Structures are given as structure tokens and as C-alpha cells.
Amino acid sequence: MHLEFHKIAEEEVPTVIAQCDACGGVIHIPERDFLLSRPLDCTSCHHQRYLSYREYVTLADAFAAQLLNYTVARWNRGKP
């Protein structure tokens, strides 16, 4: 899994990219929905990938620095 920034409606949205265990397809989860997106549903084969609490915490910890940088940059853009 990794974190990417996708443009949606002219706004960058942090998106967690996961891989389906069954078909190998890509599962896109907006960061704001990541907490509520367990199990992860593959849109290609409808397989459900389950995340353990440990896996979720490890991923959230790994993405924390990138998300903090994104938030600071976004806040700085909004300053006059």
C-alpha cells in the first residue's frame, strides 16, 4: 500500500492505494474514508480485503508525515 495525491474537482485528495489479494487490481480509498473502509472492497472482482488493526495502525503511522506535510502546504496556500 502507498499514498498518492489525486486531483478530484480541482482539489488534491490524499488517496491510499491498495492491491486486491484476489485479482491484483487496484483499490483506491480516499484518506478521509480510510478509517471507515474496512474491509476494502475491490471494484473489479468484489473481493473484500480485510485489514487487521495492527496493519491499519502501521499504515496510518507510515502515512502520517506525508499527510502532515500536505496539510501544512494546503494551509500555507490559503494564507494571504
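Keep in mind the model is a prediction, meaning the values are calculated, not measured. The figures that follow rest on heavy atoms only: side chains count, while hydrogens, waters and symmetry mates do not.
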| field | Donor-acceptor pair, side chain of Tyr70 and main chain of Phe5, under 3.5 angstrom | value |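 Pair absent, no side-chain N/O of Tyr70 close to backbone of Phe5.
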| Results of side chain to side chain contact (heavy atoms under 4.5 Å, CB included) for His2 - residues two or more places apart only |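 By the side chain to side chain contact (heavy atoms under 4.5 Å, CB included) rule, His2 matches Glu4, Ile17.
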| field | Heavy-atom closest pair, residues Val13 and Pro30 | value |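 Reported closest heavy-atom pair: CG1-CB, 4.3 Å.
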| Verdict with supporting geometry, Ser44 and Cys20, side chain to side chain contact (heavy atoms under 4.5 Å, CB included) | CA-CA 9 Å; Ser44 300; Cys20 178; over 6 Å; no
| request: Show the numbers, then the answer: is there a side chain to side chain contact (heavy atoms under 4.5 Å, CB included) between Ile29 and Met1? | output: CA-CA 11 Å; Ile29 309 119; Met1 283 191 209; 5.9 Å; no
Validation: residues 58-67 side-chain donor-acceptor distances under 3.5 Å, sequence neighbours left out:
from	atom 1	to	atom 2	distance (Å)
Thr58	OG1	Arg54	O	2.8

| request: Can you spot which of Gln48, Arg49, His47, His46 makes a side-chain hydrogen bond (donor to acceptor under 3.5 Å, both in side chains) with Asp41? | output: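 In the set Gln48, Arg49, His47, His46, the residue that makes a side-chain hydrogen bond (donor to acceptor under 3.5 Å, both in side chains) with Asp41 is Gln48.
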| request: Any chance you could measure Asp33, atom CG, to Leu40, atom CG, to the nearest 0.5 Å? | output: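 Atom-to-atom, Asp33:CG and Leu40:CG are 11.5 Å apart.
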